[in-house]
Amino acid sequence: MSEDLLPIGQFARLGRLSIKQLRRYDELGLLPPAHVDPDTGYRYYRPEQARDALAIGLLRSLDVPLPDVGKVLSGTAGVLEGVRDQLEAELDRRRRTLATLERIMSGGLPSVEVRLVDQPAQHVAVTRESIADPADIARATSACVARLLAGGTYGQLTGLFPLDLTGVVEVAVAMATDQPVPGARADVLPGGRFAAATHVGPYEQIGLTAHALLAWCAGRHPVTGPLREVYVSDPATTPPDHIVTHLLIPLEENA
């Protein structure tokens, strides 16, 4: 064994990583030791490997995921740009969450005026998207809307969201039309009796109105689903605080 090899403890101090981290990075192939004693299993590293160890520590402190760390070390181009975009998206989501929290802090838990309405069945074109994380609802909804509008047909848009968001679920957007829409499936949106409320404000705060609507129904009316969001305003021309969205929850028959 070469005399310039360092035992794992000494190398850990040089690379500012823990022994546990070094073992983990070895398992992942990020920082394999230069030599492993076949009899004892002890790991040994070359001093120059400390550069990679320090780089891994720096990148992890910046929340770069381990798979991306490996790509950076291998010289793959564009990796950090992708990580930056992900962090910016997460920062935007956190800002929206903070704005919603501040609204609750200033006005208390949400309450809304609820009305019971009867809706007729409606011919629609529907696009759907499966998601495994509720945080992905906005992206999936936007993707469904984009596919509908790409067909060149325009009608009232309604988002359809399951009440149970655990596991892999399906969100959908329906466009009111009896004409075929490329990339969408023709369907009929069932009619019936609904509990309805109106949300005025940014889309990211619709959850407050949905909460208030469900809270109103609790103990009064059994609900089924999906929750409907009827998009009244054009977000391209309407300020976020003035966007109008009608929320409807179908009630069980004889409710």
Side-chain angles (χ1 to χ4, degrees), residues 93 96-97 99-104 106-129 131 133-146 148-149 154-166 169-177 187-253 255:
R93 187 187 71 81
R96 292 193 296 270
T97 299
T100 302
L101 179 60
E102 289 175 340
R103 179 167 173 173
I104 294 175
S106 63
L109 290 174
S111 62
V112 292
E113 178 181 344
V114 179
R115 58 198 183 276
L116 298 180
V117 299
D118 293 309
Q119 294 282 90
Q122 191 176 44
H123 289 280
V124 293
V126 180
T127 56
R128 305 179 185 276
E129 188 104 354
I131 61 170
D133 184 348
D136 204 27
I137 286 179
R139 181 210 59 78
T141 304
S142 297
C144 289
V145 170
L148 283 171
L149 297 182
Y154 300 95
Q156 178 71 68
L157 295 174
T158 300
L160 305 169
F161 307 95
L163 298 181
D164 184 359
L165 294 175
T166 57
V169 299
E170 190 175 69
V171 302
V173 176
M175 175 188 288
T177 180
D187 204 346
V188 175
L189 207 56
R193 172 148 285 203
F194 294 78
T198 298
H199 173 80
V200 180
Y203 288 135
E204 56 263 25
Q205 293 184 7
I206 283 179
L208 294 177
T209 301
H211 167 88
L213 182 57
L214 285 168
W216 184 91
C217 290
R220 286 190 178 95
H221 299 280
V223 299
T224 56
L227 170 69
R228 299 186 185 183
E229 294 179 0
V230 182
Y231 305 116
V232 177
S233 305
D234 181 354
T237 59
T238 307
D241 288 342
H242 294 84
I243 292 175
V244 175
T245 309
H246 297 313
L247 274 66
L248 298 94
I249 296 181
L251 306 176
E252 292 185 359
E253 292 185 10

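The shortest heavy-atom contact between I131 and A140 is CG2-CB, 3.6 Å. V169 and T166 make their closest contact through CG1-O, 3.5 Å (heavy atoms, listed as atom of the first residue, atom of the second, distance). Taking both residues in full, the closest heavy atoms of C144 and V171 are given as SG-O, 4.3 Å, listed atom of the first, atom of the second, then distance. Heavy atoms only, all atoms of each residue included: R115 and T198 are closest at NH2-OG1, 3.3 Å. Nearest approach of A197 to V112, heavy atoms of both residues: CB-CG2, 3.8 Å.
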M175/L157 under side chain to side chain contact (heavy atoms under 4.5 Å, CB included): CA gap, chis, key distance, verdict:
CA-CA 5 Å; M175 175 188 288; L157 295 174; 3.8 Å; yes
inquiry  = Could you walk me through whether I249 and H221 satisfy the side chain to side chain contact (heavy atoms under 4.5 Å, CB included) test, starting with their C-alpha distance in whole Å, then the side-chain angles of each, then the deciding distance to 0.1 Å, before giving a yes or no?
reply    = CA-CA 10 Å; I249 296 181; H221 299 280; over 6 Å; no
Run the numbers on E129 and R139 for side chain to side chain contact (heavy atoms under 4.5 Å, CB included), then give the verdict.
CA-CA 10 Å; E129 188 104 354; R139 181 210 59 78; 3.2 Å; yes
Decide side chain to side chain contact (heavy atoms under 4.5 Å, CB included) for H199 and L208; before the verdict, give the C-alpha distance in whole Å, the side-chain angles of both, and the deciding distance to 0.1 Å.
CA-CA 9 Å; H199 173 80; L208 294 177; 5.5 Å; no
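Side-chain contact between F194 and R228 is present, with at least one heavy-atom pair separated by less than 4.5 Å. With a 4.5 Å cut-off on side-chain heavy atoms, T141 and V173 count as touching. Residues L227 and L214 are not in side-chain contact: their nearest non-hydrogen atoms beyond the backbone lie 4.5 Å or more apart. Side-chain contact between L163 and P226 is absent, with no heavy-atom pair separated by less than 4.5 Å.
Put simply, CD1 on I206 and CG on L213 are 12.0 Å apart, with the number rounded to the nearest 0.5 Å. Atom CG in D187 sits 10.0 Å away from atom NE2 in H123 (nearest 0.5 Å). L251 CG to D118 CG: the interatomic distance, rounded to the nearest 0.5 Å, is 9.5 Å. The CD atom of E113 sits 11.0 Å away from the CH2 atom of W216 when rounded to the nearest 0.5 Å. Distance CD/Q122 to OG1/T177: 10.0 Å, rounded to 0.5 Å. A distance of 9.0 Å separates CG of L149 from OG1 of T127, quoted to the nearest 0.5 Å.
For H211, the NE2 atom is densely surrounded, since the number of other residues' heavy atoms within 6.0 Å is greater than 12.
Side chain of T209 to main chain of Q205: no donor-acceptor pair is present (N/O by atom type, distance under 3.5 Å, no hydrogens or angles). T224 places a side-chain N or O within 3.5 Å of a backbone atom of P250 that can act as its donor or acceptor partner. In this structure, the side chain of S106 engages the main chain of R103 through a donor-acceptor pair within 3.5 Å.
For the side chain to side chain contact (heavy atoms under 4.5 Å, CB included) test with Y231, the passing option among I243, T245, T158 is T245; the others fail.
Legend: residues meeting side chain to side chain contact (heavy atoms under 4.5 Å, CB included) with V232, ordered by chain and number and at least two apart, are V244, H246.
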